[in-house]
Amino acid sequence: MSTLLFTHSSSLRHVTPQGHPERIDRIKVVNQILGSEHFKDLVRREAPLGRDEDILRAHAYEHLERVRAMSPTEGFEYLDPDTAMSPGTLEAALRGVGAATAGVDAVFRGEADNVFCALRPPGHHAETRRAMGFCFFNQAAIAAQYARARYDAERVAVVDFDVHHGNGTQDIFWSEPDLFYGSTHQMPLYPGTGAVQETGAGNIFNAPLRAGDGSEQFREAMNSVILPALDSFGPDLVIISAGFDAHHRDPLGSLQLTEEDFAWVTLKLMEAAEIHCGGRVVSVLEGGYDLQGLAASAGIHVQALMRGNADFAQGDFEEDEDEL
């Protein structure tokens, strides 16, 4: 499989307050694992800046202007109690948008089979008119709308396996029957959305899990709810909101997933994409706050994208994890 990786050094300049879980070390360990020998064949590009016109496909003009106006020249500005901007935040958020739209370009132009966007801050909590939950712009939703506008994609799907429900993506997609949102997440948990009854225009599929649920419950939710709905939808592009905080080590959730679960679901989504849209997959990094769990999970996710098979396991990364 031909996999393209987007990164940018601006992710290292988005500073958060001391003790904040969404910290620079997150991207450092992802960069470290993806810089190892296992990924020597990975094609790499720098993320471009996202364009206003693309952000406005998913967000209100007032939202874009507020984020821009709140960008500080020093210190921090808070958009909510959890979501702080430093002088480097705006560029980092714009590079995340640019990576996602450039990833769409790459898969539709045949430059890669799939793409992983390894940047921060995350995006799936950002609603049409509100930044929240560490998120400023919703990269996955912007990429979906961009694919429709630029490549006439009729149906675009976002599948989200972050431990937190992607309320922002659901909000943006709510009345759009040609956009699909499927999510597994812990419930109850922040942000409090994601009930089964939240169905939008018949295009929203929530499969909430309970604290303590692990591989069996996660795979059942995917196999019984998300994947059949995705097959019925028949996407022209699959976008993954790749949050790794459902890992059993993560401090912000209580699900018990392992790296192998993330490999499994990646392969399942790749199979669906192969059937419906020539294998086109764009994956964007969302959560994941235990550094070891994040590095190993992101690594195995990208290995799955690159290989398209399951001939690897957690042991492939043990040496690299020891160095984190």
Side-chain angles (χ1 to χ4, degrees), residues 4 6 47-64 93-117 119 122-129 135-160 166-183 198-206 226-227 229-242 269-270 272-286:
L4 179 60
F6 280 100
L49 284 168
R51 297 176 291 261
D52 287 7
E53 63 194 80
D54 296 328
I55 295 170
L56 295 174
R57 301 183 198 280
H59 292 288
Y61 176 80
E62 294 79 8
H63 171 74
L64 172 59
L94 290 173
R95 296 284 180 183
V97 171
T101 56
V104 171
D105 288 336
V107 297
F108 273 97
R109 294 173 183 172
E111 298 170 4
D113 295 311
N114 54 63
V115 171
F116 183 57
C117 303
L119 298 98
H124 73 153
H125 292 308
E127 297 181 344
T128 307
R129 299 177 179 275
C135 303
F136 300 90
F137 303 126
N138 194 314
Q139 298 98 308
I142 292 167
Q145 296 283 30
Y146 177 75
R148 296 173 77 195
R150 179 69 178 81
Y151 296 100
D152 295 324
E154 294 183 6
R155 295 171 301 280
V156 182
V158 173
V159 177
D160 187 339
N167 59 293
T169 312
Q170 177 170 290
D171 172 65
I172 294 165
F173 284 14
W174 187 257
S175 301
E176 298 272 3
D178 293 330
L179 294 172
F180 172 105
Y181 180 65
S183 175
E198 297 168 17
T199 58
N203 60 326
I204 307 294
F205 298 87
N206 289 310
I226 306 299
L227 294 173
L230 182 64
D231 280 331
S232 295
F233 180 73
D236 297 312
L237 170 67
V238 174
I239 298 170
I240 302 174
S241 273
L269 295 173
M270 292 172 70
E274 191 63 38
I275 292 168
H276 296 290
C277 55
R280 290 190 290 267
V281 173
V282 175
S283 177
V284 297
L285 179 65
E286 300 283 4

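Note: hydrogens, waters and symmetry copies are ignored here, and every other heavy atom, side chains too, is used.
Contact annotation: the side chain of Asp178 never approaches that of Val156 to less than 4.5 Å [non-hydrogen atoms, C-beta and beyond]. Here the side chains of Thr199 and Phe205 are not in contact, with every heavy-atom distance at 4.5 Å or above. When side chains are defined from C-beta on, Tyr181 counts as touching Asn206, because their heavy atoms get closer than 4.5 Å. Contact of the Phe180 side chain with the Val158 side chain is not registered, since no non-hydrogen atoms from C-beta on lie closer than 4.5 Å. Using a 4.5 Å cut-off on side-chain heavy atoms (C-beta onward), Phe137 and Leu94 make contact. Looking only at side-chain heavy atoms (C-beta outward), Val281 and Ile240 come within less than 4.5 Å of each other.
Listed here is the closest heavy atom pair of Ala144 and Ile239: N-CD1, 3.5 Å.
Checked by atom type, the side-chain pair His59/Asn138 shows no donor-acceptor distance below 3.5 Å.
Checked against ring-ring contact (aromatic ring centres under 6.0 Å, His included), His276 has no partners two or more places apart in sequence or in another chain. The side chain to side chain contact (heavy atoms under 4.5 Å, CB included) check on Glu176 picks up Gln145, Arg148, Leu179, with sequence neighbours excluded.
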Practice item. In sequence, state the C-alpha distance, the side-chain angles, and the governing distance for Phe116 and Val284, and then conclude on side chain to side chain contact (heavy atoms under 4.5 Å, CB included). Key: CA-CA 6 Å; Phe116 183 57; Val284 297; over 6 Å; no

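Side chain of Arg280 to backbone of Asp236: a donor-acceptor contact under 3.5 angstrom is found.
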